[in-house]
Amino acid sequence: MNAITKRQPRVELSTSALQHNLKCVRELAPQSKTICMVKADAYGHGIEFALNALQDTDAFGVACIEEARQIRQLGCSQPITLIEGVFNEAEWLEASQQQFECVVHQQQQVDWALAHPQIYQQNNLKIWLKLNSGMNRLGLQPDELLKAAHQLRAAGFELVLTMHFANADVPDHPLNQQQIQTFLNLKQQLESIEASCCNSAAIFNWPELHFDYVRPGIMLYGASPYSDISAAKLNLRPVMHLKSNLIAIQHVKAGQVIGYGSRFTTTRPTRLGIVAMGYGDGYPRALTHGAYVSIHGHEAPLLGRVSMDLLAVDLTDLPSTINIGNEVTLWGDNPSVDLIAQHNNTIGYELLCRLTNRPKRIIF
Ligand SMILES: Cc1ncc(COP(=O)(O)O)c(C=O)c1O
């Protein structure tokens, strides 16, 4: 038995996996520039880590100016695109000076651009004009977009036509073709305009739509953009490995209940492993039956409810050499974060983003 000297939940982050996944994007979309999406603290992986590992990218994509400022302060010199654009006139001026390219998705943003074109244009920044092609989240309707494009071009702005898919993860969804047709139609009407519409799933689905820039997010981090195709099948490598250790073992008889709410009753004499990991670390509480952790290559099913700092796993069918102090993988190669997400009725994106800062980050 190994002595436990401290609580050890940790997030191990693989630089080489992140770089491998970026290489996959490059191979899939060799003619396009890559905008690595690093919003939400690089999908929960830590912005500084991601910036260092993704030096090879053409640009970074963030949600808002606060995130862009942060990555400039960390020394990033690549172009940065604000995918929600600016929220007021002062932000427009700051973006112009700091060389942040802006998405424009509503008329007010067009007006700020028209009022202050000089610095933005002197810095050779393009405006990303966002089409609402059917997702009905952000974007101008086709007629509004044509009007804005004419106004902005007349004022000397260079434009990129952009949109976002609502169902790229379901390639056969009928809305995809509708969105594509609307986009292509506008692209044709606007003649010789740069274009960008592909997130991770779209990069896999539609090579013919890669255009000038692709915008991968989840695939960079080695999780799958699809619910029915694993990341491993897509040749992606998990960047984040959530780990901890076994800190106690209980031997319980058949008919005993385990954990808060006594939600699980043992049906046989059970060797129970207690792992130092809980929802206070970001591991999901609402797991449905069937999730597991891996310990030295063996799968150990979760039993009972996940609590704030601890969870219980069934070691009964594992070798008896598995013991206190052994390393436990909560997600990484096996199980994948996508599998744990499925058992939690959510997607890998959410689990990655909602880790807390309690587990120690270790970069390797
Ligand atoms: C506009 C835009 N482009 C690209 C992405 C990246 O998407 P994904 O993580 O599915 O690759 C996102 C993510 O939400 C987005 O909002």
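These numbers come from the heavy atoms of this one structure, side chains and all, not from hydrogens, waters or symmetry mates.
Pairs of residues two or more places apart, or lying in two chains, that qualify as ring pair (Phe, Tyr, Trp, His ring centres under 6.0 Å) and include a residue from residues 124-153 are Trp128-Tyr213.
No side-chain donor-acceptor contact under 3.5 Å links Arg237 to the backbone of His20. Checked by atom type and distance alone, the side chain of Thr15 pairs as donor or acceptor with a backbone atom of Phe364 at under 3.5 Å. With hydrogens and angles ignored, the 3.5 Å screen pairs no side-chain donor or acceptor of Gln97 with any backbone N or O of Ile119. Judged purely by atom type and a 3.5 angstrom limit, Asp212 has no side-chain atom pairing as donor or acceptor with the backbone of Lys33. Between the side chain of Glu144 and the backbone N or O of Gln141 there is at least one donor-acceptor pair closer than 3.5 Å. Listed for the Arg72 side chain is a donor-acceptor partner under 3.5 Å among the backbone atoms of Gln99. For the pair Thr81 (side chain) and Gly61 (backbone), a donor-acceptor distance under 3.5 Å is absent. The closest donor-acceptor contact from the side chain of Ser224 to the backbone of Tyr226 lies under 3.5 Å. Of the possible polar contacts, none joining the Thr34 side chain to the Thr57 backbone as a donor-acceptor pair under 3.5 Å is found.
Here Leu51 contributes atom CG and Gln70 contributes atom CD; the two are 8.0 Å apart, rounded to the nearest 0.5 Å. Here the CD-CD1 distance, from Glu12 to Ile363, works out to 11.5 Å after rounding to the nearest 0.5 Å. Glu84 CD to Glu67 CD: the interatomic distance, rounded to the nearest 0.5 Å, is 8.5 Å. Rounded to the nearest 0.5 angstrom, Ser244 OG and Asp281 CG are separated by 7.0 Å. The CG atom of Leu209 sits 10.0 Å away from the NZ atom of Lys187 when rounded to the nearest 0.5 Å. Going from atom SG of Cys102 over to atom CD1 of Ile65 covers 7.0 Å, rounded to the nearest 0.5 Å.
Not a single side chain to side chain donor-acceptor pair (under 3.5 Å) links Asn88 to another residue, sequence neighbours left out. Taking Asp333 as the reference, Pro238, His241 meet the side-chain contact (heavy atoms from CB on, under 4.5 Å) condition, with sequence neighbours excluded. Leu175 meets the side-chain contact (heavy atoms from CB on, under 4.5 Å) test with Ala166, Asn167, His173, Gln178, Gln179; sequence neighbours excluded. Remark: Pro174 engages no residue in a side-chain contact (heavy atoms from CB on, under 4.5 Å) (not counting sequence neighbours). Residues satisfying the ring-ring contact (aromatic ring centres under 6.0 Å, His included) test with Phe100, not counting sequence neighbours, are none. Listed by chain and residue number, Ser16 satisfy the side chain to side chain donor-acceptor pair (under 3.5 Å) test with Ser14 (two or more places apart in sequence, or in another chain). A search for ring-ring contact (aromatic ring centres under 6.0 Å, His included) contacts involving Phe49 returns nothing, not counting sequence neighbours. Residues satisfying the ring-ring contact (aromatic ring centres under 6.0 Å, His included) criterion with His105, sequence neighbours excluded, are absent altogether. Partners of Asp338 by side chain to side chain donor-acceptor pair (under 3.5 Å), not counting sequence neighbours: none found. Remark: Phe60 engages no residue in a ring-ring contact (aromatic ring centres under 6.0 Å, His included) (not counting sequence neighbours).
Between Phe183 and Phe211, the ring planes are tilted. Angles from 30° to 60° get that label. Taking the six-membered ring where the residue is Trp, Tyr43 and Tyr221 present parallel rings, their angle staying beneath 30° rather than reaching 60°.
Two different hydrophobic clusters hold Phe87 and Ile127 under the rule that ILVMFWY side chains link at heavy-atom gaps under 4.5 Å.
The shortest distance between side-chain heavy atoms of Leu246 and Asn323 does not fall below 4.5 Å.
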Starting from the C-alpha separation in whole Å, work towards a yes-or-no answer on side chain to side chain donor-acceptor pair (under 3.5 Å) for Glu89 and His116.
CA-CA 9 Å; Glu89 202 159 357; His116 307 282; 2.6 Å; yes

Show the numbers, then the answer: is there a side-chain contact (heavy atoms from CB on, under 4.5 Å) between Asn245 and Arg10?
CA-CA 10 Å; Asn245 293 74; Arg10 58 200 175 275; 2.9 Å; yes

Could you give me the CA-CA distance, side-chain angles and deciding distance for Asn334 and Thr329, then say whether side-chain contact (heavy atoms from CB on, under 4.5 Å) is met?
CA-CA 8 Å; Asn334 182 34; Thr329 299; over 6 Å; no

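Grouping Ile, Leu, Val, Met, Phe, Trp and Tyr residues whose side-chain heavy atoms lie under 4.5 Å apart, directly or via other members, places Met308 in a hydrophobic cluster with Tyr279.
Among Leu242, Val11, Leu339, Val293, the single residue meeting the side chain to side chain contact (heavy atoms under 4.5 Å, CB included) criterion with Trp331 is Leu242.
One finds a salt bridge joining Arg26 and Asp58 here, because a Lys/Arg side-chain nitrogen approaches an Asp/Glu carboxylate oxygen to under 4.0 Å.
For the residue pair Arg215/Thr162, the side-chain donor-acceptor check at 3.5 Å is satisfied.
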